[in-house]
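Note sheet for the following structure.
The analysis underlying the following values was restricted to heavy atoms, covering all of them including side chains, and did not include hydrogens, waters or symmetry mates. A note on names: the letters A, B, ... follow the listed sequences, proteins ahead of strands, and every chain is numbered from 1.
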Amino acid sequence: MKKIINNVENIVPEMVSGLVRSNSDLVEEIPGTTAVVRADAKFASADQVGIVSGGGSGHEPLHAGFVGDGMLSAAVAGEVFTSPTPDQIYEAIKAVDKGKGVLLIVKNYSGDVMNFDMAKEMAEAEDIKIGTVIVDDDISVENSEFTQGKRGVAGTVLVEKILGAAARAGKSLEDLVNLGKSVINNTKTIGIALKAATVPAVGHPGFDLKDDEIEFGIGIHNERGYSVEKIQPSKQLSEELVAKIIDEFDDKTGKFAVLINGMGGTPLMEQYIFANDTFDNLKAKNIDVGYSRVGNMVTSLDMVGISLTIMKVEPQWIDWLNEPATTIAW
Amino acid sequence: MKKIINNVENIVPEMVSGLVRSNSDLVEEIPGTTAVVRADAKFASADQVGIVSGGGSGHEPLHAGFVGDGMLSAAVAGEVFTSPTPDQIYEAIKAVDKGKGVLLIVKNYSGDVMNFDMAKEMAEAEDIKIGTVIVDDDISVENSEFTQGKRGVAGTVLVEKILGAAARAGKSLEDLVNLGKSVINNTKTIGIALKAATVPAVGHPGFDLKDDEIEFGIGIHNERGYSVEKIQPSKQLSEELVAKIIDEFDDKTGKFAVLINGMGGTPLMEQYIFANDTFDNLKAKNIDVGYSRVGNMVTSLDMVGISLTIMKVEPQWIDWLNEPATTIAW
Amino acid sequence: MQLTLDEATKWINSFVEKIEHNSATLNELDTAIGDGDHGTNMDRGAKAISEALSKKSPENLSELLKTTAFAMIQKVGGASGPLYGTALLDMSKAAKENDDLAALVQVGADGIKRRGQSDVKMKTMIDVWQPVADDLQAGSLSTDQVTAALNSTKDMVATKGRASYLEEKSAGHLDPGSQSSAYLFESLVEVIGG
Amino acid sequence: MQLTLDEATKWINSFVEKIEHNSATLNELDTAIGDGDHGTNMDRGAKAISEALSKKSPENLSELLKTTAFAMIQKVGGASGPLYGTALLDMSKAAKENDDLAALVQVGADGIKRRGQSDVKMKTMIDVWQPVADDLQAGSLSTDQVTAALNSTKDMVATKGRASYLEEKSAGHLDPGSQSSAYLFESLVEVIGG
Ligand SMILES: Nc1ncnc2c1ncn2[C@@H]1O[C@H](COP(=O)(O)OP(=O)(O)O)[C@@H](O)[C@H]1O
Ligand SMILES: Nc1ncnc2c1ncn2[C@@H]1O[C@H](COP(=O)(O)OP(=O)(O)O)[C@@H](O)[C@H]1O
Ligand SMILES: [Mg+2]
Ligand SMILES: [Mg+2]
Ligand SMILES: [Mg+2]
Ligand SMILES: [Mg+2]
């Protein structure tokens, strides 16, 4: 393993410090934590529901890169691929509560769900109103009562953008929870990997793929997917993902938002080629794309791969996606 | 080689098409070329010197990602790591000339210099005023009359930002050429690679590095650097680069801008850790950082590595760097 | 049997040591069917426990368990942090009234079930905690019993936790949280005798 | 000697073929001391030349050279596009007045020097073009002479083009642009005889 780090234990605090120091007009650290909170001039007077997200590190720019006016109020960074602890989340909640309550956006992983849940219990004990939405957009995993359910992956960033804009527009905590549930229900993602990520503490890729193999349905923490196939041209890769995702929507009319997300080690060049094929494949299925975005948004360390997210959107959601947000990475 | 592409010959047109289709509010293709030009509402009435840049592909988001209000007017994409041809550059020049002339921002590679030069001759034959600035910020290469001179690398994006803002502010072509030369004189970069890039047509990394080796002084087209060393902690890597770069500035007072640039395969996590160490190392040398930026701006396909750019800035330049620009990637 | 403060302190210290010595093994197990960090997570917790206990010696069993719980909650994160944290915090509360070992471990197992919305046979640490609680209730605990509980997770298909995403492919591997729990109860056996 | 349209057409066709067959070799040479694309670049040019010539047969030598030049200028890019393009365009202009082969190749070499701000001994294609022009001027050209010119680039230290960034490390490798130029003049020898 070759990485530009100092030592494995200090990765997260050093990363958060580097992020804050290079963006001190936008964010600041919450003392004693690895959480960051808005530091822009508007924040002091922002009279809105606070929005806190967070999770394990290794998915940068998610979440700290999306803290700012019109998106998240604070983000909590856990250790690499490890949910942050409840006390840190609780500090972030306290830092953003303006008396209107705080919405927690949580990716559906048992660790995240449990730690945010404990933080919620702590905040409620201090009479802070808390709402929670759990993002579970990864349709490569079966959803059933007997399992953990679907994972939360790249769609999270679109959820954060829409809820962030809606919160800025003055929506109540209750409205935001309902909006969030509706957005999440309409968000579906599948990811593929050409090479697994190397967790610094482990030192080698999380799984092996041969030189001509590609794994379909991976998660953002090196979770294996639903099948290993031979590498195919971008056109076919896109075709398979588009077909699988569109199949999940009962209603294929109306507008859709599309996110092509790089996993960290895949250059923009390939993401744009995949985007080009995806526009073709969606057109062939008469899907009307009302919003699109391409880039490294929800990564998995140095994983080589890509994910495709498609969201069925209401007109108002497109406006919220298009509204400017003053963050590091949106 | 595993890449998300269709076939090697179509990489550039498909990439440009994907970029334009996912950002149709910002840019459009110039018909018959792989060049993109501003498509925003403001462009039609923009009464300013046009700014055209371009070069080989593989450095995304450079240059097309920086086309928009306040930055480039058009960008020309050549084949992978290959300068675009004069006819394409000429089309871009024609598409952006508003009668005030066109500034060409060229990275110092013989191919780019010669092709832009031929395009300039073509445009001047049509009575379009042309100014050229040649970016040569890579101080890992010796500059002497007997050589090609220093390469143009990551500093290019800062040059584009400052000149783009200055052009929007109404500066004349002549002023922009002078400003550009002055900015370039004050911009210095060194890059390091942990793994070379794989050019799609070649199919394997451009050079080999052992598991514990790192190459100092690489260019953005797999050009080898000045030394191969054992991998070191980020703190020391940064220390070496900071020392080498700062040494080149005669005057170490005043403000400096800092760009930490990912080469394509290095996650943001490591870039922020390196940024954190760089802030420390600059502080130890009493360097006053007035602007900073971290991210994948000028990449080299899937190269794993990072570059550090430091620019001695005048107060006005900081304002120009901070001004918003409506582009895909700034 | 009653658990004394002295026994519990030895128990926790031995657990800390085992985690520190075996964090690579836990990471490897978690790499196979999770995300490769269970050892790193638990090691962070182990170090936090040592530090907290070295700062201030607990005055009673409940305090010891509470200090241990807080260290886990504040430093581990992931799934295992809130699970071990909840188990130990619930045990700490219960220990104020009752220091019966079997009852305490059952309280811990119940805490994990509540926090994790889970139960036995889901290929989680519960598959070690619950059998151990049962064995203690039945009167004795041996390392063989702990090992048997751990090994029972091997052929299970996970339905909770990260391994559940692998569905059938999760079978054939030990559950990492069960391995760390096995270290916990092997330490207990060392202290209370087989 | 005079260069006829017929000879020149065979020359260019043979060059196109050699480039298409050897693009991988050119990429490999360029990978060692450049950026690995010289074969891909030249192959794009070769295909463009074929296409342009198949669309419309040139009526005279100047037109043939011009068509070839434009194909290179518009399709190759990189350093080699404007260099070959300028050489051929200048040769096309000169061919209107003078069809002496040695004089034409010298015009081409001068065009490369002008466009590239370069000269012999800089480890560029000029180190093939100039010796070949000299040999033709002296009355004959053989593949051995072409090969000798090409091989002379091996030990040179590059001071122009991408290889110059390697400084001393550029020695020990053939210059890729000289290899493609060697193909050009080997094709010429085939046509005009050794
Ligand atoms: N819902 C749950 N109920 C009980 N135990 C669980 C649950 N989810 C996970 N676990 C346990 O946690 C262990 C994983 O811990 P760890 O790797 O530290 O966390 P993460 O999965 O967040 O990376 C699993 O091996 C399993 O024993
Ligand atoms: N300034 C120059 N003058 C003459 N020849 C040059 C010059 N720069 C480059 N070359 C030639 O061009 C060749 C490289 O061409 P190519 O690889 O296609 O372009 P690029 O270097 O842009 O990738 C070199 O091998 C050399 O022969
Ligand atoms: Mg984890
Ligand atoms: Mg090139
Ligand atoms: Mg884990
Ligand atoms: Mg080349």
Side-chain angles (χ1 to χ4, degrees), chain A residues 8-9 12 34 54-58 76-89 109-119 122 138 140-142 144-151 196-207 217-226 300, chain C residues 23-24 26-28 30-45 47-48 69-86 89 111-112 114-119 121-125 157-170 177:
Chain A
V8 170
E9 286 80 49
V12 176
T34 49
S57 291
V76 194
E79 289 297 320
V80 178
F81 286 3
T82 303
S83 169
T85 56
D87 50 316
Q88 297 219 7
I89 303 167
Y109 289 94
S110 39
D112 287 316
V113 171
M114 290 187 279
N115 284 289
F116 275 83
D117 210 42
M118 290 181 85
M122 291 164 82
D138 186 352
S140 65
V141 169
E142 289 295 329
S144 95
E145 308 173 51
F146 305 108
T147 69
Q148 196 63 48
K150 296 177 284 140
R151 299 176 292 227
T198 295
V199 174
V202 176
H204 58 75
F207 54 89
I218 45 85
I220 57 175
H221 310 93
N222 270 342
E223 295 97 347
R224 304 288 311 240
Y226 59 80
S300 178
Chain C
S23 69
L26 294 174
N27 276 343
E28 289 300 328
D30 198 32
T31 297
I33 54 169
D35 59 351
D37 62 359
H38 186 56
T40 312
N41 293 345
M42 292 301 291
D43 188 58
R44 227 172 19 246
K47 295 204 161 47
F70 268 68
M72 296 297 282
I73 291 171
Q74 295 181 351
K75 286 291 168 195
V76 177
S80 44
L83 290 167
Y84 275 102
T86 302
L89 201 58
I112 295 172
R114 174 172 59 88
R115 181 63 65 200
Q117 314 245 312
S118 43
D119 210 328
K121 306 270 176 253
M122 291 176 166
K123 195 178 182 107
T124 73
M125 54 177 74
V157 170
T159 53
K160 281 280 165 170
R162 226 177 267 281
S164 70
Y165 305 131
L166 292 177
E167 300 173 2
E168 286 70 32
K169 280 181 258 173
S170 62

Exercise for review: Would you mind checking which part of A/Val80 comes under 4.5 Å of any heavy atom in chain C, side chain (CB onward), backbone (N, CA, C, O), both or neither?
Suggested key: backbone
**Study point:** chain A contact via C/Glu28 - which portion, at a heavy-atom distance below 4.5 Å
**Key:** side chain
Revision key, fill the gap. Answer key: most heavy-atom pairs under 4.5 Å with chain C among A/Ser110, A/Ala197, A/Ser140 is A/Ser110
Point to revise | Pick from A/Asn115, A/Val8, A/Asp117 with the largest number of heavy-atom pairs that fall under 4.5 Å of chain C | key: A/Asn115
Revision key, fill the gap. Among A/Pro86, A/Gly217, A/Gly219, A/Gly78, the residue with the most heavy-atom pairs under 4.5 Å to chain C is A/Pro86
Review point. In chain order, what residues pass the salt bridge (charged side-chain N to carboxylate O under 4.0 Å, His left out) check against A/Asp87, with sequence neighbours excluded?
Key: none
Point to revise | Contact class of C/Leu166 relative to chain A, heavy atoms under 4.5 angstrom | key: side chain
Check your understanding: Does the side chain of C/Ile73 reach to within under 4.5 Å of the side chain of A/Met118, using non-hydrogen atoms?
Key -> yes
Could you pull out all donor-acceptor pairs under 3.5 Å where a side-chain atom in residues 75-84 of chain C meets a protein atom, sequence neighbours excluded?
residue: C/Tyr84; atom: OH; partner: C/Ser180; partner atom: OG; Å: 2.7
residue: C/Tyr84; atom: OH; partner: C/Ser181; partner atom: N; Å: 3.0
residue: C/Tyr84; atom: OH; partner: C/Ser181; partner atom: OG; Å: 3.0

Practice item. Report yes if some heavy atom in the side chain of C/Arg44 is under 4.5 Å from a heavy atom in the side chain of A/Thr82; otherwise report no. Key: yes
Review point. So, for A/Val199 and C/Asp35, which heavy atoms are closest and what is the spacing to 0.1 Å?
Key: CG2-O, 4.0 Å
Point to revise | A/Asn222 side, atom CG; C/Asp30 side, atom CG - distance, nearest 0.5 Å | key: 10.5 Å
Study note, to complete from the structure: Rounding to 0.5 Å, atoms CZ (A/Arg224) and NZ (C/Lys169) come to a distance of 6.5 Å
Practice item. Identify the two heavy atoms, one from C/Thr31 and one from A/His204, that lie closest to each other, and give their separation to 0.1 Å. Key: CG2-CE1, 4.4 Å
Review point. So which of C/Asp37, C/Thr40, C/Thr86 has the largest heavy-atom pair count under 4.5 angstrom toward chain A?
Key: C/Asp37
Practice item. Kindly compute the distance separating CD (A/Glu9) from CG (C/Asp43), expressed to the nearest 0.5 Å. Key: 8.0 Å
**Study point:** Heavy-atom closest contact (C/Tyr165 atom, A/Glu223 atom, distance)
**Key:** CD1-CG, 3.9 Å
**Study point:** A/Tyr226 versus chain C, the contacting section by heavy-atom distance below 4.5 Å
**Key:** backbone
Practice item. Side chain from CB out, backbone as N, CA, C, O: work out which of these in C/Ser164 comes under 4.5 Å of a heavy atom of chain A, or both, or neither. Key: side chain
